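Following: one structure in structure tokens, then a few remarks.
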Amino acid sequence: MTASPNFPELTESPGEPARTPQGPPLLTAERVTVRFGGVVAVKDISLQVRPGEILGLIGPNGAGKTTLFNALTGFVRPSSGRVSLDGRDITPLAPQVRARLGMARTFQVERPFEDLSVLENVLVASFLRHRGRDAEDRAYAVLERVGLADRATQPASELNLARRRRLELAKALALEPRLLFLDESIAGLNPPAQQEMVALIRTLAASGLGIVMVEHIMHVIMGLSDHVICMAFGELLAEGRPQAVATHPDVIRAYLGDDHD
Ligand SMILES: Nc1ncnc2c1ncn2[C@@H]1O[C@H](COP(=O)(O)OP(=O)(O)OP(=O)(O)O)[C@@H](O)[C@H]1O
């Protein structure tokens with residue numbers, strides 16, 4: 001997560017107006033703090049994600065987005081604070097246990113099994129939920145959902161970047177999550193591929209998945225998110241509807257520096 005945001009894009013928020021998903025939260029984080037030695041990478045961050053809600057995490061480089069993402073998904077243990085799923089404390093649980101409970105993530109750098117086919121890659125995840133023919137049918141259905149069914153027999157190593165990103169997403173979806181964590185799924189794609197991924201993410205949220213995404217492309221995250229959290233130096237800088245966060249003076253200052261006043 002190193003790209004610099006193109007600030008003028010911040011206030012362009014094309015796409016659908018933000019929705020207000022209802023119902024009890026799937027995911028709750030309460031005052032999560034992560035320290036690495038003397039560095040406080042995440043300080044006192046609280047958030048909630050409801051079914052069908054897209055939460056966007058933004059902030060300048062080094063703000064703590066990745067660390068918070070890792071704390072939510074179990075790849076980093078918070079120094080203090082609590083993460084709950086459906087009201088159950090999952091703070092001490094390992095990522096694979098969280099996956100069984102319905103949390104799946106993608107990785108910024110895709111890691112397919114290069115020598116396996118596209119379908120086999122998804123099957124590896126699908127077998128964690130189902131057996132035999134059922135696992136295969138479901139893996140194939142996931143490939144259809146992400147538009148990779150016609151590539152099912154192709155080795156993963158032959159996919160271009162946009163398709164590798166879709167495969168990464170398919171592997172996460174094969175775990176049949178209720179909460180999906182997307183780590184820069186769109187950065188680096190060309191504009192048509194970006195649009196396809198945006199449409200796919202909207203469809204997933206509309207089907208009831210809760211989504212947390214870290215993304216550096218501002219117009220994308222602002223257009224997709226229902227709720228945005230902006231961090232700087234590990235702390236919450238602003239949160240709310242995309243447009244309110246994009247025009248928040250502290251957010252503008254964090255991206256452009258104090259000289260902009
Ligand atoms: N494993 C670690 N050990 C020590 N410090 C770390 C570690 N991981 C992150 N940090 C520090 O924590 C702070 C937050 O980093 P983090 O990668 O979470 O930010 P980020 O917002 O994701 O940044 P970027 O957008 O550049 O990826 C930084 O000061 C970083 O150097």
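Computed from a predicted model, the values in this text were never measured in an experiment. Counting from 1, the numbers follow the sequence of the chain as shown.
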Could you state the interatomic distance from OG1 (Thr247) to CZ (Arg241), rounded to the nearest 0.5 Å?
-> 13.5 Å
List the atom of Ala232, the atom of Ala254, and the distance in Å for their closest heavy-atom pair.
-> CB-CB, 4.5 Å
Any Val34 side-chain heavy atom under 4.5 Å of Asn70 side chain = no
Close side-chain approach of Leu224 and Val220, heavy atoms under 4.5 Å | yes
For Glu196, which residues count as a salt bridge (Lys or Arg N to Asp or Glu O under 4.0 Å) partner, sequence neighbours excluded?
-> Arg166
CA sep, side-chain torsions, deciding dist, call: Arg111, Thr106, side chain to side chain donor-acceptor pair (under 3.5 Å) = CA-CA 9 Å; Arg111 311 174 188 169; Thr106 65; over 6 Å; no
Step by step, work out the side-chain contact (heavy atoms from CB on, under 4.5 Å) result for Asn61 and His216.
-> CA-CA 9 Å; Asn61 293 336; His216 270 292; 3.4 Å; yes
Side chains of Val122 and Leu143 in contact at under 4.5 Å (non-hydrogen atoms) = yes
What one should report as the nearest heavy-atom pair of Leu119 and Ala139 is CD1-CB, 3.9 Å
Following the transitive rule for hydrophobic clusters with a side-chain heavy-atom cut-off under 4.5 Å over Ile, Leu, Val, Met, Phe, Trp and Tyr, establish whether Leu148 and Leu169 coincide in one cluster.
-> yes
Taking C-beta and beyond as the side chain, do Met231 and Leu236 meet within less than 4.5 Å on heavy atoms?
-> no
Taken to the nearest 0.5 Å, the spacing of Ile229 CD1 from Leu68 CG works out to 7.0 Å
Only counting residues at least two apart or in another chain, list the ones meeting side chain to side chain contact (heavy atoms under 4.5 Å, CB included) with Arg50.
-> Pro21, Pro25, Gln48, Glu53
So, do Phe69 and Phe107 have ring centers that fall under 6.0 Å from each other?
-> no
Can you hop from Ile90 to Leu175 via hydrophobic side chains spaced under 4.5 Å?
-> no
With a 4.5 Å heavy-atom cut-off, do Leu182 and Val212 have their side chains touching?
-> no
Under 3.5 Å: donor-acceptor pair, side chain of Arg165, backbone of Ala187 | yes
Just by modelled atom types, is the Leu204 backbone N or O under 3.5 Å from a matching donor or acceptor in the Ser207 side chain?
-> yes
Do the side chains of Val97 and Val76 join up, straight or via other hydrophobic residues, at under 4.5 Å, putting them in one cluster?
-> yes
Within a strict 4.5 Å, meaning less than it, do heavy atoms of the Leu179 and Leu85 side chains meet?
-> yes
Ignoring hydrogens and angles, tell me if any N or O in the side chain of Tyr255 forms a donor-acceptor pair with the backbone of Gly59 under 3.5 Å.
-> yes
Where do Leu57 and Met213 land on the side-chain contact (heavy atoms from CB on, under 4.5 Å) test, with the steps shown first?
-> CA-CA 6 Å; Leu57 295 181; Met213 56 189 297; over 6 Å; no
Counting N and O atoms only, with roles assigned by atom type, does the side chain of Ser79 sit under 3.5 Å from a partner on the main chain of Arg35, one being a donor and the other an acceptor?
-> yes
Given Ser185 and Gln108, is the side-chain contact (heavy atoms from CB on, under 4.5 Å) satisfied, shown in steps?
-> CA-CA 7 Å; Ser185 294; Gln108 193 180 349; over 6 Å; no
How long is the span from the CZ atom in Phe181 to the CG atom in Leu55, to the nearest 0.5 Å?
-> 9.0 Å
Donor-acceptor contact present, side-chain Lys171 to main-chain Ser126, <3.5 Å | no
Using distance alone, with no hydrogens and no angle criterion, decide if Glu176 and His130 have a side-chain donor and acceptor under 3.5 Å apart.
-> yes
Do Met197 and Met218 belong to the same hydrophobic cluster, where Ile, Leu, Val, Met, Phe, Trp and Tyr are linked whenever their side-chain heavy atoms lie under 4.5 Å apart, directly or via other members?
-> yes
What one should report as the nearest heavy-atom pair of Val146 and Ala170 is CG2-CB, 3.9 Å
Considering only heavy atoms from C-beta outward, does the side chain of Thr153 approach that of Val118 to under 4.5 Å?
-> no
Nearest heavy-atom pair of Cys230 and Val245: which atoms, and what distance?
-> CB-CG1, 4.0 Å
Selection residues 113-131 - residue pairs positive for salt bridge (charged side-chain N to carboxylate O under 4.0 Å, His left out), sequence neighbours left out | Glu114-Arg164
Between Glu215 (side chain) and Ile186 (backbone), is there a donor-acceptor pair under 3.5 Å?
-> yes
Nearest 0.5 Å please: distance from the CE atom of Met103 over to the CG atom of Leu26.
-> 9.5 Å
Only pairs at least two apart or in different chains count here, so list each side chain to side chain donor-acceptor pair (under 3.5 Å) that has a residue in residues 87-98.
-> Asp89-Thr91
Pairing residues for Phe113 by the side chain to side chain contact (heavy atoms under 4.5 Å, CB included) criterion, not counting sequence neighbours | Leu116, Asn121, Val124
For Leu167 against Ala156, the heavy-atom pair lying closest together = CD2-CB, 3.9 Å
Is Thr28 close to Val83 at the side-chain level, that is, under 4.5 Å between some pair of heavy atoms?
-> no
Taking every non-hydrogen atom, the tightest pair across Ala193 and Ala162 = CB-CB, 3.9 Å
Distance, nearest 0.5 Å, that separates CD1 of Ile54 from CD1 of Ile221 | 9.5 Å
Atom pairs and distances, side-chain donor-acceptor, residues 36-47, under 3.5 Å, sequence neighbours left out:
residue, atom, partner, partner atom, Å
Asp44, OD1, Arg31, NE, 3.3
Asp44, OD1, Arg31, NH2, 3.4
Asp44, OD2, Arg31, NH2, 2.9
Ser46, OG, Arg31, N, 2.8

Trace of the side-chain contact (heavy atoms from CB on, under 4.5 Å) decision for Asn190 with Gln194 = CA-CA 6 Å; Asn190 62 32; Gln194 284 183 16; over 6 Å; no
Atom pair CZ (Arg138) and CG (Leu173), whose distance is rounded to the nearest 0.5 Å | 13.5 Å
In terms of hydrophobic clusters joined by side-chain contacts under 4.5 Å, are Val49 and Leu93 together?
-> yes
